[in-house]
Peer 1: 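Quick one: this structure, given as structure tokens, is what I'll be asking you about.
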Protein chains: 2
Amino acid sequence: MRSQVPSYRQLADRIAEAIAAGEYGPDDPIPSLRTLQQETGLAMATVQHAISVLRTEGLVYSVSGRGTFVRPPG
Amino acid sequence: MRSQVPSYRQLADRIAEAIAAGEYGPDDPIPSLRTLQQETGLAMATVQHAISVLRTEGLVYSVSGRGTFVRPPG
DNA sequence: ATGCATTTGTTCGTATGTATG
DNA sequence: GCATACATACGAACAAATGCA
């Protein structure tokens with residue numbers, strides 16, 4: 001059953017909108033991968049894929065062992 | 001075809017058997033995560049995963065900073 | 001009592017292998 | 001073959017409890 005929009009894209013868009021709406025401020029942490037995993041029911045690597053998209057778009061940055069944060073405008 | 005038994009499952013089973021065999025009595029501590037890590041050569045989070053399985057199954061309980069203990073029969 | 005190092009469990013992001021359409 | 005998605009496994013940072021100087 002070919003789904004219209006891939007899960008990782010839906011999740012990336014949802015987070016991007018939350019950031020745009022100011023739900024998370026500059027350098028604020030977004031929910032952890034595990035939290036997102038439990039919220040969405042997706043697999044770890046799929047959630048990571050979504051974050052990876054946001055990182056490529058310059059919206060967030062990640063620090064291993066710490067978390068993923070909103071990239072402040074530079 | 002992925003029909004190998006995962007490392008975390010093997011470890012969980014091994015500990016479950018030790019408990020069933022009476023090697024660790026009620027409220028006795030099982031080996032620490034670091035000890036298990038060194039014994040098995042696995043990563044921290046993988047050992048943690050094994051313990052997490054045992055906790056879900058109600059076999060053990062964990063206390064941060066103290067250890068993981070055998071859950072007495074209710 | 002205070003401070004600090006050590007030990008223990010917890011949570012973080014990341015990488016790899018595999019299956020499916 | 002490629003994109004999508006899953007389970008597994010990894011290394012590092014975090015946080016709570018303990019003991020000792």
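Chain identifiers are assigned alphabetically (A, B, ...) following the order of the sequence lines, protein sequences preceding nucleic acid strands; residue numbering begins at 1 within each chain.
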Peer 1: Would you jot down, in residue-number order, the residues of residues 18-33 of chain B having a non-hydrogen atom under 4.0 Å from DNA chain C?
Peer 2: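 Residues of residues 18-33 of chain B that come under 4.0 Å of DNA chain C are, in numerical order, S32(B), L33(B).
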Peer 1: To the nearest Å, how far apart are R9(B) CZ and dT8(D) P?
Peer 2: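 Nearest whole value for this atom pair: 10 Å.
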Peer 1: Of the nucleotides dT8(D), dA5(D), dG9(C), which one has an atom closest to the side chain of R34(B)?
Peer 2: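 Of the options given, the side chain of R34(B) lies nearest dG9(C).
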Peer 1: Could you state the atom-to-atom distance from CZ of R55(B) to C1' of dT8(C) in whole Å?
Peer 2: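 One finds 13 Å between C1' of dT8(C) and CZ of R55(B), rounded.
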Peer 1: Okay, side chain of Q10(A), backbone of V5(A): is any donor-acceptor separation there less than 3.5 Å?
Peer 2: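 Yes; judged by distance alone, with no hydrogens or angles, the pair exists.
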Peer 1: Measure the distance from CD on Q10(A) to P on dA3(D) and round it to the nearest whole Å.
Peer 2: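 After rounding, the reported distance stands at 19 Å.
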Peer 1: Report the residue (P6(B) or V63(A)) whose heavy-atom-nearest nucleotide on DNA chain D is the more 5′ of the two.
Peer 2: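 By nearest-heavy-atom nucleotide position, the 5'-most residue is P6(B).
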Peer 1: Anything under 3.5 Å between a donor and an acceptor, one on a side chain of residues 13-27 of chain A, the other on a protein residue two or more places apart or in another chain? List them.
Peer 2:
unit_1: D13(A); atom_1: OD1; unit_2: R9(A); atom_2: NH1; d: 2.9
unit_1: R14(A); atom_1: NH2; unit_2: E39(A); atom_2: OE1; d: 2.9
unit_1: D27(A); atom_1: OD1; unit_2: Y61(A); atom_2: OH; d: 2.5

Peer 1: Between S62(B) and dT8(C), is there a side-chain N or O to OP1/OP2 distance below 4.0 Å?
Peer 2: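 No, S62(B) has no side-chain N/O under 4.0 Å of OP1/OP2 on dT8(C).
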Peer 1: So, is S64(A) close to the dC12(C) phosphate, meaning a side-chain N or O under 4.0 Å from OP1 or OP2?
Peer 2: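 The answer is no; no side-chain N or O of S64(A) sits under 4.0 Å from OP1 or OP2.
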Peer 1: Can you tell me the base-pairing partner of dA5(C)? Count Watson-Crick or G-U wobble geometry only, both distances below 3.5 Å, and say none if there is no partner.
Peer 2: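 Paired with dT18(D).
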Peer 1: Grab the two heavy atoms, one from T68(A) and one from I51(A), that are nearest each other, plus how far apart they are.
Peer 2: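 Shortest heavy-atom separation between T68(A) and I51(A) comes out as CG2-CG2, 4.0 Å.
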Peer 1: Would a hydrophobic clustering, with Ile, Leu, Val, Met, Phe, Trp and Tyr connected at side-chain separations under 4.5 Å, put L42(A) with Y8(A)?
Peer 2: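 No, it is not one cluster - the side chains of L42(A) and Y8(A) are not joined through contacts under 4.5 Å.
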Peer 1: Specify the residues of residues 65-74 of chain B, ordered by number, for which at least one heavy atom lies under 4.0 angstrom from an atom of DNA chain C.
Peer 2: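 Output list: G65(B), R66(B), G67(B), T68(B).
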Peer 1: T40(B): which residues meet the side chain to side chain donor-acceptor pair (under 3.5 Å) condition with it, sequence neighbours left out?
Peer 2: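 Residues passing side chain to side chain donor-acceptor pair (under 3.5 Å) with T40(B): none at all.
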Peer 1: Nearest 0.5 Å, please: how far is OG in S62(A) from CD in Q48(A)?
Peer 2: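 The distance works out to 9.0 Å.
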Peer 1: Going by number, which of residues 36-53 of chain B have a non-hydrogen atom under 4.0 Å from DNA chain C?
Peer 2: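 Those residues are M44(B), Q48(B).
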Peer 1: In the structure shown, which nucleotide is the Watson-Crick or G-U wobble counterpart of dG1(D), with both distances under 3.5 Å?
Peer 2: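 dG1(D) is paired with nothing.
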Peer 1: How would you list, by chain and number, every residue that makes a side chain to side chain donor-acceptor pair (under 3.5 Å) with S64(B), sequence neighbours excluded?
Peer 2: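 Side chain to side chain donor-acceptor pair (under 3.5 Å) list for S64(B), sorted by chain: empty.
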Peer 1: With a 4.5 Å heavy-atom cut-off, do V60(A) and R71(A) have their side chains touching?
Peer 2: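 Counting from C-beta outward, V60(A) and R71(A) never come under 4.5 Å.
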Peer 1: Looking at L59(B), L54(B), I30(B), which hits side-chain contact (heavy atoms from CB on, under 4.5 Å) with V70(B)?
Peer 2: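 Per the side-chain contact (heavy atoms from CB on, under 4.5 Å) rule, the option paired with V70(B) is I30(B), out of L59(B), L54(B), I30(B).
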Peer 1: OG of S32(B) to CD of Q38(B): how many Å apart, nearest 0.5 Å?
Peer 2: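 Reported value, rounded in 0.5 Å steps: 7.5 Å.
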Peer 1: Between D28(B) and F69(B), is there a side-chain heavy-atom distance shorter than 4.5 Å?
Peer 2: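 No - every pair of side-chain heavy atoms lies 4.5 Å or more apart.
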